[in-house]
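Quick caveat: nothing in here was measured; it's all calculated off a predicted structure. Letters A, B, ... are given to chains in the order of the sequence lines, protein chains preceding strands, and every chain is numbered from 1.
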Amino acid sequence: MTAVDEVLGMLSDPFMQRALIVAALVGLSAPVIGTYLVQRRLALLGDGIGHVALTGVALGWLAGTWLEVARQDALALPGAVLAAVVGAVAIEVVRARGRTSGDVALALLFYGGIAGGVLIIGQAGGTSANLVGYLFGSISTVSTSDVWLTVVLSAVVLAVGVGLRTALFAVSQDEEFARAGGIPVRALNLLIAVVAALTVTVAMRVVGLLLVSALMIVPVAVAQLMASSFHRTMAIAMTIGVVVTVSGLSITYWEDAAPGAMIVVLAIGLYALTAVLRPLVRRLRPRPPGDPHPQLEDDVQLTAPRTT
Amino acid sequence: MTDVLTATGLRVSLGGATILHDVDLTVTDGEVVGLLGANGSGKSTLVRALVGVVPHERGTVRLFGEPLGRRTPWKRIGYVPQRVAVGSGVPATAHEVVISGLLHGRRLVPPRHARRRASEALELVGLDHLGHRACQELSGGQQQRVLIARALVRRPDLLLLDEPVAGVDLPSQQAFADALRDLAATGTTVVVVLHELGALAPLVRRAVVLRHGRVVHDGAPPAPAPGHAGPSHDHVHPHEDVGSAPADPLGLSGTVGWTA
């Protein structure tokens, strides 16, 4: 069997088809919102939301048990979306008020989210083992309805994140100036928080809640090393996102490994490679000749300037 | 003469401390007003309250006759905050930062010809050749000029600047003064927070001096406090010889020692 046959075999597998579509969509949309989070110095926000979403998953199970729906986990994803949105809005409100410092608020969410999830899943008649699929991802079990949900959610994320990019950039880059221009800063901040929450729940299936933030942040970290403009950073990050999710998932088709972890390790490996290669590339690239200092007169009078 | 900016009985508290005590300020069309005062006298807070960045506890602010809020004609107002660092985690070019100045009020998507207008604004501050460079790579003075271009890109009728020449070298200060003179000549109203008039002295016809959050002088620019006018201080008064600020117009130099 040749390599081409192997790839065709993978692509004709319906499980793999669904998984690849979901992975590519997540890889495309997660770095969009990640770019704003990095710019706002809220790189860990995705993690905070992810932990809260775990409580949402457990609450979904609990609701499913009470309502006696067919599949116990049918309401897990809606529960996660709800909890993530509530958590993200809460973080944003705390941040805007400036009462508690951001990292303490995030720490409270981290621990509260995990502990709440484990306690509630017990009440719902499940065990912590049921949560593992959400913590580390379960892309191989993606159903057709999951694919459609992912398509819709990532369409929302892309429409907001790319369509309003100038406004979201303005608010993230200089909140004070945006406010002084009458821009609805609070509404846009909440929008970023809500879209971040949606992204987390979309990415949950692919890499799991514990690694969700990596898919939002690491591609941006790599892109930052290469680009000098905001738009290009976002575009490169989106490309990297798709490449690492699709290739990471494909590797696990042949090698027995956890897809979520493989994707994240690939992304971080790419970061390390870029960081190492960047000085070499810079050296090869011809620098514009001349003095980098602006040509300005001295502020002081020198009687006898040294010539050496 | 119409009133461009009116603040009446403005009181601002930050963190429980009252920063501004019942400040009244009226600026009419085409004026160039200097806001002077020592560090911590409340001049930055006043400007920030005027554009709604910090909330006011009492009093009213009207810009072009409209109260602060949705009805404010934000398009006509340009604000340059006091800050040197434009950089943040993600790189952004000077062009992108200036384009963000085209958004105001309900306009959340840049208008057509945004790129051309941003280039024009950068040209006004002499940076059009650096528009594609990341702001983080620019010098402090250049970053400050990017912030000025971001305010000018709207073509504002009222320009509020918070220490625009702090930490900027003398030739750039002079270039900035020239640009501001041209704007004022076309009828732009300017409110500028300053430590000292410096290169802007020929331009500023009216000075408002704050001390401990109260207006203590409003009128012709007072002379610099003693010790700031001596020969040893020459380096921050590049145009002492021009010195168009009246030496002691109201006999205030003894009482308005805002350097103390």
Side-chain angles (χ1 to χ4, degrees), chain A residues 31 34-43 98-99 160 162-185 187-188 191 217 219-221 223-234 236-237 288 292-301, chain B residues 47-48 50-54 63 68-75 77-83 86-97 99-110 114 130 132-139 141-142 147 150-151 154 160 169-172 235 238:
Chain A
T35 313
Y36 299 112
L37 295 185
V38 170
Q39 198 188 22
R40 299 163 78 85
R41 306 201 175 279
L42 280 175
R99 294 274 157 76
V160 172
V162 178
L164 284 177
R165 61 185 183 279
T166 313
L168 297 180
F169 166 77
V171 169
S172 307
Q173 202 256 342
D174 190 343
E175 201 171 307
E176 176 173 330
F177 178 79
R179 212 172 283 266
I183 292 172
V185 171
L188 288 173
L191 188 65
I217 302 305
V220 181
Q224 258 182 327
L225 295 176
M226 303 183 189
S228 64
S229 86
F230 186 80
H231 289 155
R232 203 164 296 167
T233 303
M234 189 182 273
I236 294 176
H293 307 95
Q295 190 60 46
L296 292 172
E297 290 166 44
D298 288 332
D299 286 351
V300 290
Q301 285 188 356
Chain B
V47 171
R48 295 171 80 213
L50 289 176
V51 291
V53 174
V54 293
L63 299 168
L68 276 185
R70 291 182 177 210
R71 286 169 57 202
T72 314
W74 293 112
K75 188 181 174 10
I77 299 156
Y79 169 60
V80 181
Q82 170 189 31
R83 193 185 308 159
V86 245
S88 68
V90 178
T93 61
H95 224 101
E96 287 174 320
V97 171
I99 284 179
S100 75
L102 282 167
L103 306 183
H104 51 78
R106 307 282 116 180
R107 173 172 271 294
L108 298 180
V109 178
L130 295 177
H132 62 280
R133 290 269 290 274
C135 272
Q136 287 93 327
E137 292 175 15
L138 302 181
S139 75
Q142 287 169 335
L147 296 189
R150 183 179 63 175
R154 280 179 209 165
L160 298 117
D169 54 89
L170 290 185
S172 296
H235 58 291

Checklist line | Heavy-atom side-chain proximity of B:V53 to A:F177 below 4.5 angstrom | finding: no

Item checked: Under 4.5 Å from any heavy atom of chain B - which part of A:L188 -> side chain

Notebook entry, point to check: Does the side chain of A:P184 reach to within under 4.5 Å of the side chain of B:L108, using non-hydrogen atoms?
Noted result: yes

Checklist line | 4.5 Å side-chain heavy-atom contact, B:L103 and A:T166 | finding: yes

Next item on the list: Give, as side chain, backbone, both or neither, the part of A:T35 having an atom under 4.5 angstrom from any heavy atom of chain B.
Entry: both

Checklist line | Distance (rounded to the nearest 0.5 Å) between B:W74 CH2 and A:R179 CZ | finding: 10.5 Å

Notebook entry, point to check: In terms of heavy-atom pairs under 4.5 Å with chain A, which of B:T93, B:V54, B:V80 leads?
Noted result: B:T93

Notebook entry, point to check: Do side-chain atoms of B:E96 reach the backbone of A:F230 as a donor and acceptor pair under 3.5 angstrom?
Noted result: yes

Notebook entry, point to check: Are any of the side-chain heavy atoms of A:D174 and B:R150 separated by less than 4.5 Å?
Noted result: yes

Check: Any idea which of B:R107, B:H132, B:R48, B:R106 has the most non-hydrogen atom pairs under 4.5 angstrom with chain A?
Finding: B:R48

Note to self: Ignoring hydrogens, what is the shortest heavy-atom contact between A:Q224 and B:P91? Give both atom names and the distance.
What the structure shows: CG-CD, 3.7 Å

Note to self: What's the separation between atom OG in B:S100 and atom CZ in A:R165, rounded to the nearest 0.5 Å?
What the structure shows: 13.5 Å

